[in-house]
2 protein chains.
Amino acid sequence: MTDSVKPRARAADKRRRLATEAARILHEQGVERTTLADIARAADVPVGNVYYYFKTKDELVLAALSEHSAHLDELTNRLDQLPDPRDRLKTLIEAWIDQREVAARYGCPTGTLAVELDKRADGTLDAEAGTVVRRLLEWSGDQFRALGLSDPDDHALTLISAYQGMSLLANALRDPDIMARQGARLLHWLDSLEAPDQTT
Amino acid sequence: MTDSVKPRARAADKRRRLATEAARILHEQGVERTTLADIARAADVPVGNVYYYFKTKDELVLAALSEHSAHLDELTNRLDQLPDPRDRLKTLIEAWIDQREVAARYGCPTGTLAVELDKRADGTLDAEAGTVVRRLLEWSGDQFRALGLSDPDDHALTLISAYQGMSLLANALRDPDIMARQGARLLHWLDSLEAPDQTT
DNA sequence: GTCTATAAATTGATAGAC
DNA sequence: GTCTATCAATTTATAGAC
């Protein structure tokens, strides 16, 4: 009875471990330079066994993307607990600054994945990374909208664009300080935004 | 006499053709997904002959980077003809907007290369893409400095970061309009910048 | 469900004829 | 200088034993 449960639990565990390690290694090494053997080794799973859980390498990439997507959900859910939309956005920016060392070393996980997946002939995964970015854009737009700002979606575009840009530059120049400086500027920018006066 | 010149001229031509096509194809397909055969075919050079001009694939990547670097030089030299630094920056932004279709399809050539080269274990090419970005940062910083603005280097960082960010988003979402909208915002931002009053 | 062995294909790079 | 043929290594994916 107990024996029939354990293997199943371990099987689900292996799948999760593979997805988790895939997310980490694909971020660090990139999609093309990462072999299935790399991921299998990190997840402590024999190479041939990988195909029992993921039929192709693309499916593993997709699983990694889902991991990042889940992390994003977790973060926005936590931010939604804050009553003030402006505080939510500020806390988001502070989270980016906190991650500056990782960003300087490997870039934004979703952003670099988007760049890499775009260069693939397949065409099946091209849009997937865009979906994650779009969700972040929509959540940000909601916050600007709640603040009563005009053009909330343009503000969201500016914010996320700034994040992707500073991550890329921090990564290209290997300088985490870029994240800190541009992050501080974004915080100041947020403070300067005012809703149009509705009383007139 | 004339015969001895022709082959030499054609040899230099082949090298240039290889570099030109490498720059184009590496931008479109990415470094890892582009084979030497791809570049050789596009440059109309037999595969085995490529190694006479470039000893390794990395050297071809480096040559492609030099091409992009030369294009950047050409652009800034042209912009330097304009008397007003602010006009130089505005014309630069307008050039970005003009390239929106290419950016939406393949991203910024230097930016995507920087992302890809960072993911390589080699370590020899990691810094090379950063060098090109840094030159653009320095040129921009010079313009802000000429305008008498405080923190010219931070302004440059904001500008180039915005460019990289909007290119990445336009590419990830396959939407050239993002370049147009964010470009317009940058133009407005440039107009709003004022030098600190020196008379007081 | 798990794992080993190996197939099948691709690709960076070289040898050597012309 | 130019090109063909090919090597050597890597990597995705499968077949089949346990």
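Throughout, a chain's letter reflects where its sequence line sits, starting with A, and its residues are numbered from 1.
- In this structure, CZ of Arg15(B) is placed 13 Å from P of dT2(D), rounded to the nearest angstrom.
- Counting only distance, with no hydrogens or angles, the side chain of Asp38(A) and the backbone of Thr35(A) share a donor-acceptor pair below 3.5 Å.
- With rounding to whole Å, Phe54(B) atom CZ is found 13 Å from dA13(C) atom P.
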Phe54(B) and Leu62(B): CA distance, side-chain angles, deciding distance, side chain to side chain contact (heavy atoms under 4.5 Å, CB included) verdict: CA-CA 10 Å; Phe54(B) 301 94; Leu62(B) 211 59; over 6 Å; no
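- Taking atom CG of residue Asp13(B) and atom P of nucleotide dT2(D), one finds them 11 Å apart after rounding to whole Å.
- Taking five base pairs at each end of the helix from dG1(C)-dC18(D) to dC18(C)-dG1(D) and finding the rotation axis that steps the C1' atoms of four pairs onto the next four gives two axes whose angle is 10°, to the nearest 10°.
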Lys14(B) and Asp44(B): CA distance, side-chain angles, deciding distance, salt bridge (charged side-chain N to carboxylate O under 4.0 Å, His left out) verdict: CA-CA 8 Å; Lys14(B) 277 192 184 179; Asp44(B) 202 30; over 6 Å; no
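- Residue Ile39(B) contributes atom CD1, which lies 11 Å from atom P of dA13(C) at whole-angstrom precision.
- For the pair Arg33(B) CZ and dA9(C) C1', the computed distance is 14 Å after rounding to whole Å.
- The CG atom of Asp44(B) sits 13 Å away from the C1' atom of dC3(D) (whole-angstrom rounding).
- Transitive grouping of hydrophobic side chains (ILVMFWY, heavy atoms separated by less than 4.5 Å) keeps Leu173(B) and Tyr106(B) in distinct clusters.
- Here dG1(D) is the nucleotide among dT4(D), dG1(D), dT2(C) with the atom lying nearest to any side-chain atom of Tyr52(B).
- One interatomic measurement links the two molecules: NZ of Lys14(B) to C1' of dT2(D), which rounds to 6 Å at whole-angstrom precision.
- One N or O on the side chain of Glu116(A) and one on the backbone of Val31(A) form a donor-acceptor pair closer than 3.5 Å.
- Other residues, nucleotides and ligands contribute only 12 or fewer heavy atoms inside 6.0 Å of the CZ atom of Arg16(A).
- Ring orientation note: the planes of His68(A) and His27(A) are nearly perpendicular, at an angle over 60° on the 30°/60° scale.
- As a whole-Å value, the separation of Leu18(B) CG from dG12(C) P is 14 Å.
- With Arg120(A) contributing its side chain and Asp126(A) its backbone, the two residues share no donor-acceptor pair below 3.5 Å.
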Sugar-phosphate or base contact per nucleotide [nucleotides 12-18 of chain D; S, B, -; heavy atom under 4.0 Å]: SBB----
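- By the side-chain hydrogen bond (donor to acceptor under 3.5 Å, both in side chains) test, Arg88(A) is found to be paired with Gln143(A), residues two or more places apart in sequence or in another chain being considered.
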